[in-house]
K.L.:
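Got a structure for you, questions after.
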Amino acid sequence: MTTLKQYLDGTKCEKKLKELIELIAAQGVPIRKAFISNQKYVDTKNIYGEEQIALDTWSNEHLIRVFRRSGLVSAVASEEEAEVIRFPKAMADYAVVMDPLDGSSLVQTNLAVGTIIGIYDNGDVMQKGRNMRAALYILYGPMTVLTLTVKEGVHVFALNQGGEYVMIEKNVKMPEGKIYASGALKKDWLPEHRKFITGLEKEGYKLRYSGSFVADVHQLLKYGGMFSYPAFRGHKHGKLRLLFEVNPLGFIITQAGGKVSDGYKNALGVMPEKIDYRTPVYIGSKGVIRKLEKMFNG
Ligand code: AHM
Ligand code: MG
């Protein structure tokens with residue numbers, strides 16, 4: 001059994017990056033525990049005007065505190081914060097982008113949610129996704145699993161009873177499968193999106209949409225296919241955020257042989273205009289995303 005630590009020791013990662021990844025991975029334990037105690041709606045809204053449940057706020061504050069104390073992180077951009085948080089005294093220059101708890105509307109229904117993290121190594125959070133040094137997510141499902149890439153393949157680890165991550169899948173390569181998902185109300189879909197989805201249904205694609213981006217993308221690593229949250233009527237940028245959600249998961253999927261697109265081009269090549277920049281997203285197996293871009297680009 002390869003532990004996360006043993007795996008990292010065998011990679012080209014510098015010492016501080018290994019420390020940072022292990023530190024983040026370790027937070028899966030307290031966050032998982034907090035599911036029992038932090039499941040109430042609080043009387044606040046996040047910067048997008050959405051209702052926050054306490055576990056979002058808790059996970060956000062917890063991770064920021066951990067990064068501040070670590071001395072490894074000089075900047076953090078979080079989905080739950082309006083501004084970039086800077087730690088000028090940090091001894092390393094890693095910049096972290098994160099969604100502390102993606103899919104949080106599902107917490108109270110006990111469906112899978114996750115912590116999404118992207119790491120840049122030059123202190124800057126406002127850059128193209130493809131410049132990422134590493135990306136990972138911790139998915140809190142029946143098991144707690146960590147999916148990681150340090151640009152040396154994609155590997156999945158599970159948290160065991162002793163609080164250690166052990167590798168359960170090595171070098172994941174996503175297949176060309178037939179799962180599909182689309183966010184937004186069907187009545188608001190734009191014509192080209194509707195046409196593409198109808199085409200997939202005719203080809204026998206099966207619908208699997210949970211309402212948790214991280215969980216919906218995780219299943220694609222195994223089964224293949226496509227997740228989308230498109231531009232829709234009145235929302236030309238869709239719903240999901242480039243920095244915190246699309247880039248880290250897009251980076252992982254790309255490392256696993258898949259693709260991520262805004263419908264027309266690789267989302268990892270898009271320069272964010274602001275920290276809460278939203279983008280339509282199509283993510284999944286290479287073949288289906290290529291087909292989509294071809295259709296959208298006419
Ligand atoms: P969140 O980060 O506040 O949880 O919002 C993002 C989530 C995604 O996980 C998911 O794909 C999407 O919002 C679901 O939205 P909808 O409720 O419109 O289906
Ligand atoms: Mg989210």
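Order of appearance sets the numbers: ligands from 1, and atoms from 1 within every ligand. In this chain, numbering begins with 1 at the start of the sequence shown.
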K.L.:
Within the 4.0 Å heavy-atom shell around Gly103, which atoms of ligand 1 are there?
P.N.:
1 (P), 4 (O), 9 (O)
K.L.:
Can you give me the closest heavy-atom contact between Pro30 and His62, atom names plus distance?
P.N.:
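Pro30 and His62 have their closest heavy atoms at CG-NE2, 3.7 Å.
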K.L.:
Is it true that Lys5 and Glu164 make a salt bridge, defined as a side-chain N closer than 4.0 Å to a carboxylate O?
P.N.:
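No, this pair does not count.
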K.L.:
Take every heavy atom of Gly183, measure it against each atom of ligand 1, and state whether any distance is under 4.0 Å.
P.N.:
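Contact absent.
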K.L.:
Can you tell me if Gln127 uses its side chain to pair, donor with acceptor, with the backbone of Met271 under 3.5 Å?
P.N.:
no
K.L.:
Look at Arg278 together with Glu245 and state whether they make a salt bridge at an N to O cut-off of under 4.0 Å.
P.N.:
no
K.L.:
Any chain of hydrophobic side-chain contacts (each under 4.5 Å) joining Leu207 to Ile283?
P.N.:
yes
K.L.:
Any idea how Tyr140 and Phe35 line up, ring-wise: parallel (<30°), tilted (30 to 60°), or perpendicular (>60°)?
P.N.:
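Tyr140 and Phe35: tilted rings.
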K.L.:
Closer than 4.0 angstrom: is that true for some heavy atom of Val113 and an atom of ligand 1?
P.N.:
no
K.L.:
Heavy atom under 4.0 Å from ligand 1: found in Phe227's side chain, backbone, both, or neither?
P.N.:
side chain
K.L.:
Give the atoms of ligand 1, by number and element, whose distance to some non-hydrogen atom of Arg241 is under 4.0 Å.
P.N.:
2 (O), 5 (O), 6 (C)
K.L.:
Working to the nearest 0.5 Å, report the span between CG of Leu101 and CD1 of Ile138.
P.N.:
10.5 Å
K.L.:
Below 4.0 Å, non-hydrogen atoms only: which portion of Ser212 touches ligand 1? Side chain, backbone, both or neither.
P.N.:
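Contact part for Ser212 vs ligand 1: backbone (N, CA, C, O).
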K.L.:
By number and element, which atoms of ligand 1 are closer than 4.0 Å to a non-hydrogen atom of Tyr229?
P.N.:
15 (O), 16 (P), 18 (O)
K.L.:
Report, in ascending order of atom number, the atoms of ligand 1 lying under 4.0 Å from any heavy atom of Tyr209.
P.N.:
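Selected atoms, number and element: 14 (C), 15 (O), 16 (P), 19 (O).
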K.L.:
I'd like to check which ligand 1 atoms, numbered from 1 as shown, lie under 4.0 Å from a non-hydrogen atom of Leu240.
P.N.:
6 (C), 8 (C)
K.L.:
Taking the six-membered ring for Trp and the single ring otherwise, decide whether the centroids of Phe157 and Tyr7 are under 6.0 Å apart.
P.N.:
yes
K.L.:
Distances under 2.8 Å only: what protein N/O/S atoms are near the Mg ion (ligand 2), ordered by chain and residue?
P.N.:
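For the Mg ion (ligand 2), the protein N, O and S atoms that sit under 2.8 Å away are Glu79 OE1, Asp99 OD2, Asp102 OD1, Glu245 OE2.
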K.L.:
Is ligand 1 under 4.0 Å from a heavy atom in the side chain of Glu80, in the backbone, in both, or in neither?
P.N.:
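Under 4.0 Å from ligand 1, Glu80 contributes no heavy atoms.
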K.L.:
Can you see which heavy atom on Gly162 is nearest to which on Asn160, and at what distance?
P.N.:
N-OD1, 2.9 Å
K.L.:
So is Ser105 in contact with ligand 1, going by heavy-atom distances below 4.0 Å?
P.N.:
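Contact absent.
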K.L.:
Check for me whether the distance between the ring centres of His193 and Phe232 falls short of 6.0 Å.
P.N.:
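No, they do not, as the ring centres are separated by 6.0 Å or more.
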K.L.:
Spell out, as yes or no, whether a donor-acceptor pair under 3.5 Å connects the side chain of Ser212 to the backbone of Ala112.
P.N.:
yes
K.L.:
Of the side chain and backbone of Asp99, name the one, both, or neither that has a heavy atom under 4.0 Å from an atom of ligand 1.
P.N.:
side chain
K.L.:
Give the numbers and elements of all ligand 1 atoms closer than 4.0 Å to a heavy atom of Phe213.
P.N.:
8 (C), 9 (O), 10 (C), 11 (O)
K.L.:
When you measure from the side chain of Asp99 to the backbone N and O of Phe244, does any donor-acceptor pair fall under 3.5 Å?
P.N.:
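No.
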